[in-house]
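Keep in mind that the numbers below use all heavy atoms, side chains included, and drop hydrogens, waters and symmetry copies. Since the structure is predicted, the reported quantities are computational estimates derived from the model, not experimental observations.
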Amino acid sequence: MNKTILKPDRKYTFSDYFELNRLPEEIVVELGYTMQTEVLQLPRVPPEASVVTAMQKSFNSTLPLIKLNSEIGKREFLVAPVLIEVVRRTRASLFSDYSIEVNNQLSGSLDYLLRAGRKLVVIEAKKSDLEKGFTQLAVEMIAVDQYYESDDPAAEVYGAVTVGELWRFAVLERPAKHLLRDLSTYRVPEDLNDVLSILLGILQPAAVAVAA
């Protein structure tokens, strides 16, 4: 009989999972879901080239002058500008430090939650360690799945974990309770066009978005 990771008499917040030092696959299974890693065909809507160029120029000129030694700093100077542009283009609602509680295993604050109709995107920003950050993101996506009910058989929750300079995406197939982690990662500012394209593709109408 396999020993369980989570103690039934303990309350876990999302940040606790970052400290557990266990594989995300192990945590996901214990919460009743499955997981695999593959190259995802994520929806994309290309942003305006002039916008991407201007943002990259701004990042390249200012980041060498900013000493980013905290999660808050990375959220403010690297992550927020990207999300502001996404909100401007999609008119999605953006929630910061958004608290939810499902049960003793699923509670805490999401760094960012983007909502456009029934479309949900969880963004987890960390100072460092993209892999452990993904474990926390996976748990947050499961919490959002259970917090927001859906009767759509094709419903999905999207997510991204970022350390500011690097992003990785994921999608949770809600009816199947199956989490897919993208094998690819994207750099900012070098791959800013990809990051914006994916976020815009997720949040804009399906007729507009085209799979990569």
* Passing option when Gln36 is tested against Glu25, His178, Arg181 for side chain to side chain donor-acceptor pair (under 3.5 Å) -> His178
* Asked: Between Arg44 and Ser197, is any side-chain donor less than 3.5 angstrom from a side-chain acceptor?
  -> no
* To do: Examine the side chains of Arg75 and Ser96 and answer whether a donor and an acceptor come within less than 3.5 Å of each other.
  => yes
* Parallel, tilted or perpendicular, as decided by the 30° and 60° cut-offs, for the rings of Tyr98 and Phe95 -> tilted
* **SB check Asp145 Arg174 (cutoff 4.0 Å)** => yes
* Asked: Is Glu76 salt-bridged to Lys74, going by a charged N under 4.0 Å from an acidic O?
  -> no
* Asked: So do Glu85 and Val51 actually touch side chain to side chain, heavy atoms under 4.5 Å?
  -> yes
* Would you tell me whether Asp97 and Tyr112 have side-chain atoms, one donor and one acceptor, within less than 3.5 Å of each other? => no
* Do any pairs count as a ring pair (Phe, Tyr, Trp, His ring centres under 6.0 Å) and have a residue in residues 113-158, sequence neighbours left out, and if so which ones? -> none
* Asked: Are side-chain heavy atoms of Phe14 and Asp111 found at a separation under 4.5 Å?
  -> no
* Asked: Do we see a donor-acceptor contact under 3.5 Å between the side chains of Thr13 and Asp16?
  -> yes
* Asked: Does any donor atom in the side chain of Gln105 or Lys11 lie under 3.5 Å from an acceptor atom in the other side chain?
  -> no
